[in-house]
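Okay, so here's the structure we're looking at.
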Amino acid sequence: GGGGGAEEEELTAQETALYDRQIRVWGVDAQKRLSKAHVLVCGVNGTTIEFCKNIVLAGVGSLSLMDDHIVTEDDLNSNFLIPHDESVYGGKSRAEVCCESLKDFNPMVRVAVAKGDPSLIDGTFIDRFDIIVLSRASLKTKLFINDNCRKRSKHIAFYSVDCKDSCGEIFVDLQNHSYLQKKPGGEPEQQELKYPSLQVWKFNLNFFCRFVEIKSFSSCALLFCTPSLFAPRIRFV
Amino acid sequence: PSRAAKVLMVGAGGIGCELLKTLALSGFSDIHVIDLDTIEVSNLNRQFLFRKSHVGQSKAHVARDAILKFRPNINIESHHANVKDAQFNVDFFKQFNVVLNGLDNLDARRHVNRLCLAAEVPLVESGTTGFLGQVTVHVKGKTECYECQPKPIPKSYPVCTITSTPSKFVHCIVWAKELLFAKLFGDKNQDNDLNVHSKDGSSSKLDVFERDVDEDLDQYAQRIYDHVFGYNIEVALENEETWKNRRRPNPVYIRDTLPEAVKQNGSSWDCSNDHEEPSAMASLGLTNPQEIWTLAENSRVLLEAFKLFFEKREKEIGNLVFDKDDQLAVEFVTAAANIRAHSFGIPLHSLFEAKGVAGNIVHAVATTNAIIAGLIVIEAIKVLQDDYKNYRMTYCLEHPTKKLLLMPVEPFEPNPSCYVCSETPLLLDVNTKVTKLKEVIDKIIKSKLGMNLPLVMIGSTLVFEDGDGLEEDEAANYALNLEKVLAELPAPVINGTKLTVEDFQQELSCSINIKHREEFDEEKEPDGMVLSGWSAPVEKQINSNGENKSAASSSSARATDDTVEDPSKPGMKRKLDELLETKENCDASSSAQVVEDDDDCTMLDGNPALIKKKRLQ
């Protein structure tokens, strides 16, 4: 079963053994919070599966995949989660096939398919998530979902990513984000970041966004680093 | 065209798994992989080509199989072997268009560097530790080789710090691991700096650590405890000089820390299930490895672990070497280090933290490896396209400076005084009248110069050769030479003599000019010889990760540095220049100049006009 909603406070011996090396990076607290977190990924492609791999290996509570497109030969090119076996992927959606592969990466994480269309999901549906990652969506859909994330009483983090040829783009909205910044030789300092919504950002291009030049590189490992939501001690701009 | 390239990957671990995946997705179809390791549970948080069911199997083979599942038509040849093996000679390397390293130790990296130079094959090097990482490009004649810049060597501590005046937790760990644990459970014939003499001359025993015939296990354990934590400290306190400017340690005795234990003889603790791995923590009901135990708890763990070794693992005693995956050994060392730390006023640490220090564990996450693997492929493609103006050394930072996560820097030109890729003679200060050839070979030629199977010549006289295929009489002759002092070798080595040393496999040859010197400073020059004229490695904040331990005496105890004192805390503070002298895995060039770039953008293949080429002084 998944780690989400676990009653026990301490990590199990199994978790400690598996996550040893990363706990030494971000600490036990972050690991525990990670194990209670729920993530939704809309749009399964080369970019987002890289993220899915990383977040599942890290031990997130649950991961839901939304992508009803049926797997085609094109998908085989940039998706290492799809085995070259038509008997496995034939007639199935991208979400379904990748879900099965991802479960293998970490049996302690609950990976599931969420059927539906991102442009139609409602507020109550997204309430069960802490993070939503969107890819290859229209601007309208991005605005719609980002707006919904901001409207809910619980802060839902919003990421929108796209990669095309050798360029990549990511938009991040963590709303009001507080974290601890380590000062050299001193006590960690509490910091606050106020992220603009996509709506606001669109009209104010001075805010930071990153364009990363990637030559002939289809999957975008660079854009998905540590989930900054879980480890407030680590600031990842 | 780059897709037709033949690529060699050395290492199928953290970086290797990500790299193999990325290479496959990028269209590479002819790949060789070498890795000597087998899969462990702690690998599975990032080495995603492996599953729990693969634990114990070869990384190279399993990685290959996993990739073929989504790229069945590419050619991958996997070698479960050590890259230093003779089969991977210059001819082997010559068949590749580029070599990509995903290694975790300096020794292998140097070896591969030399083979790449000899074979004239470009090398893309890399390393990661936690959130830090870097990728560097090495092309013979065009850029520095991997060894042009000094690489930090693992930190070692002076004997007296370990045996008498520890001031950091790591010193206590080294003491617990290399002295106490080794003395009690390791090879009895090994030299050991622990004081073995007892309080009163009345004891007929030469060695207090020897168990008396029929001595009760509890009593034996407590006796050792009192000896190392009580008596030995009292002896040390007698030397006033030592403590003039230092905090005096407190002796610790069992009667004070565990008064009830003294009265009870015979085990009254819960016996652990015979079928499970014996564990003191389990016996005592301690469940949280992150918890810092009290002095009393540490003492209980120590005694219990001690007893469990003798009760359940008696056969291994005398042969045990500390292994970070040996739970009982880790418990023992943690407890012993903590008790010692308590004596010396050093903060105690949890088992989790102690294990990291004692086991030289490198912290690691999947994401950094994924980033680095991506960068490796980008550089590899540039190399294959001979796009040398755009080669970059890229550093992946933990705390972005000027909002740059990735810092690209132009490679330096080759170092003209690099003894590996240029032809520079070295200078060795040594006492030729008392130093044996064996010592020079071990401490200098194999250790500092990193040669694997060296050959030593004086003029045209071959005085030593290493490797298989030696005739019996040749081997006997060399064995004799090893024991001779330099001045008495068949071709005498005296002031001004020039030695030629070669490693045939690495195709590395260098000259060492000898300078005779009588006196050497014991503290500063503990080897009794000094090599100069090469870029001497800087002994800085290093984590010696899985370093093959040299045959160095127990006095130069190798250990991690205090930067891993807090391994559970993320993001250890690093300034950019600290970054460059840091963890072994992360071998960054120590004098790389940072590009000051005011843009908010991270351009990986930045405008070369912006980045000025930096030359060496």
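Proteins get letters first, then strands, A, B, ... in listed order; numbering begins at 1 in each.
- Interface remark: of the candidates A/D104, A/I82, A/L76, A/V56, A/D104 forms the most heavy-atom pairs closer than 4.5 Å to chain B.
- Remark: the backbone N or O of A/E96 is paired with a side-chain donor or acceptor of A/S93 at under 3.5 angstrom.
- Taking the six-membered ring where tryptophan is involved, the planes of B/Y391 and B/Y388 are perpendicular, since the angle between them exceeds 60° and thus also 30°.
- Taking B/P289, B/A66, B/P72 one by one and counting their heavy-atom pairs under 4.5 Å with chain A, the maximum is reached by B/P72.
- Each salt bridge (Lys or Arg N to Asp or Glu O under 4.0 Å) pair with one or both residues in residues 72-87 of chain A, not counting sequence neighbours, appears once here: A/D75-A/R94.
- Salt bridge status for A/E10 with A/K32: present, with a side-chain N to carboxylate O gap under 4.0 Å.
- Contact of B/R46 with chain A is made through backbone and side chain together, with heavy-atom distances under 4.5 Å.
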